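Just so we're on the same page: letters track the sequence lines, and every chain starts at 1. Computed from a predicted structure; not experimentally measured.
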There are 2 protein chains.
Amino acid sequence: MKIGAIPDIVVSRLPQYLQALNLMKLEGKQTTSSQELGERLGFSAAQVRKDLSQFGEFGKQGTGYSISYLSKQLQSILNIDRIWDIVLVGAGDLGHAIANYQGFTNRGFRIALILDNDPQKIGDKIGQLEIQDFALARELIRKAGIEIAMLTVPASVAQTVAEEVVQAGIKAILNYAPTPLKLPPNILVQYLDPLIQLQHMTYYLAK
Amino acid sequence: MKIGAIPDIVVSRLPQYLQALNLMKLEGKQTTSSQELGERLGFSAAQVRKDLSQFGEFGKQGTGYSISYLSKQLQSILNIDRIWDIVLVGAGDLGHAIANYQGFTNRGFRIALILDNDPQKIGDKIGQLEIQDFALARELIRKAGIEIAMLTVPASVAQTVAEEVVQAGIKAILNYAPTPLKLPPNILVQYLDPLIQLQHMTYYLAK
DNA sequence: TAGATTGTTAATCGATTAACAATC
DNA sequence: TAGATTGTTAATCGATTAACAATC
């Protein structure tokens with residue numbers, strides 16, 4: 001039996017395992033090994049086995065892991081054996097791109113609410129969804145029982161917007177604005193900043 | 001004197017230091033301390049000092065770090081004391097959002113070329129730039145001397161597109177498609193996948 | 001059975017932190 | 001000067017890897 005919390009770095013690899021498994025499923029494969037799974041993602045076989053063993057015994061000696069079974073288990077561990085509703089704040093170009101993206105649903109998520117404060121945009125539709133007034137954020141988010149927000153707003157207002165959605169009951173934020181958010185410690189925040197990743201790579205590019 | 005390579009995990013924090021410093025600059029601050037810099041980013045003061053000391057002695061005992069000086073040094077270390085041209089492949093919603101984003105220039109980058117293979121899109125303009133035919137990728141990328149690519153293409157073609165731009169001389173790829181790319185080991189690749197980050201957070205959200 | 005591969009333990013490796021002399 | 005804060009060393013902490021008995 002395992003005691004204590006799972007290291008976050010292990011948790012961060014679970015979605016990657018899941019994604020690789022889903023790809024293998026598409027390829028028609030039935031089973032895989034820690035070796036193969038690791039190779040696809042650049043991890044060692046030992047690390048794959050160690051990570052998975054934190055949550056249970058999912059494999060069989062000699063044959064490896066059933067792809068569909070392990071995939072189901074990981075979905076359950078990550079709490080995506082359900083659909084999570086998301087509120088998207090900011091209906092600019094990036095917001096539109098995200099709202100139109102078809103890849104959320106079969107990976108556990110759905111954009112359920114789109115907010116903006118631009119009167120020009122409020123009332124417009126993106127796909128099936130109407131852009132609604134950010135002034136109504138608290139009411140609408142609470143009513144829909146949404147716990148996850150994606151922010152595609154200008155950096156200058158990201159902090160204010162974040163505080164507002166937290167007031168509305170949001171527990172997790174995926175922030176596309178290049179702004180470190182100061183929020184209560186129980187709020188989960190992740191950042192997506194292409195510049196940070198580009199700058200990471202240029203370190204290694206010859207001068 | 002330092003010997004040996006800098007750990008990648010240290011390099012990955014440098015863009016974050018730089019971003020925090022730029023924010024402080026905007027706030028009109030002149031100097032900062034390892035303590036303050038760490039607090040903003042969630043790192044310990046000791047870690048900030050340790051990281052920076054890998055590259056030189058940038059601070060002064062008693063007073064800390066000059067924000068503008070440290071910022072310049074980090075820019076130089078990250079090789080962004082210049083502008084890097086980028087080729088953007090995929091002129092869909094996400095490609096448009098990125099091409100219209102104004103934040104690249106003052107952080108060391110410029111979208112210099114946009115490619116797509118859709119005859120409907122080729123010839124259209126995004127801002128000043130005309131979308132050009134991906135069939136001409138090798139020629140155009142080589143002629144422009146571009147080393148960095150951003151891929152906003154469908155997952156199904158990401159691998160093929162990546163191989164093609166590598167043939168054209170691309171050394172670093174920022175991949176928005178949820179596809180692990182198999183490329184020669186000297187090619188730098190970074191991934192931006194919102195689903196991976198959402199799934200990471202749902203692990204911690206109560207069931 | 002023989003071969004393959006798991007889950008786990010112990011050893012190794014690497015990253016973070018604490019502490020402090022140096023010094024602005 | 002006294003207070004503050006650096007850069008660095010040594011200690012601690014945590015993550016990865018190697019190895020192997022168990023077993024499908």
Discussion item. Quick check on D:dC24: is either OP1 or OP2 less than 4.0 Å from any side-chain nitrogen or oxygen of A:Thr63?
Written reply: no

Worksheet entry | Test log, rule side-chain contact (heavy atoms from CB on, under 4.5 Å), inputs B:Asp193 and A:Arg107 | CA-CA 12 Å; B:Asp193 187 344; A:Arg107 288 171 75 190; 3.2 Å; yes

Fill in: A:Tyr17 and its side chain to side chain donor-acceptor pair (under 3.5 Å) partner, picked from A:Thr32, A:Asp51, A:Asn22
A:Asp51

Worksheet entry | Residue-phosphate contact under 4.0 Å: A:Arg49 side-chain N/O, C:dT6 OP1/OP2 | yes

Discussion item. What's the separation between atom CD1 in B:Ile173 and atom CG in A:Leu198, rounded to the nearest 0.5 Å?
Written reply: 12.0 Å

Practice prompt. Return the value, rounded to whole Å, for the distance between atom CD of A:Gln73 and atom P of C:dG7.
Written response: 12 Å

Worksheet item: OP1, OP2 of C:dT6 versus side-chain N and O of A:Ser34: anything below 4.0 Å?
Response: yes

Discussion item. Given D:dT17, C:dT23, C:dT5, identify the nucleotide with an atom nearest to the side chain of A:Ser33.
Written reply: C:dT5

Fill in: Residue whose nearest DNA chain D nucleotide is more 5′ - A:Ala46 or B:Leu52
B:Leu52

Worksheet entry | Evaluation steps, side-chain contact (heavy atoms from CB on, under 4.5 Å), between A:Thr152 and A:Val89 | CA-CA 6 Å; A:Thr152 56; A:Val89 186; over 6 Å; no

Worksheet item: Do the side-chain N or O atoms of A:Tyr65 get closer than 4.0 angstrom to the phosphate oxygens (OP1, OP2) of C:dG7?
Response: yes

Item to complete: Calculate the interatomic distance between A:Leu70 atom CG and C:dT5 atom C1'; express it in whole Å.
Response: 14 Å

Worksheet entry | Closest to the B:Ile9 side chain, choosing from C:dA15, C:dT17, C:dT8 | C:dA15

Discussion item. From CG of B:Asp8 over to P of D:dA15, roughly how many Å is that when rounded to an integer?
Written reply: 17 Å

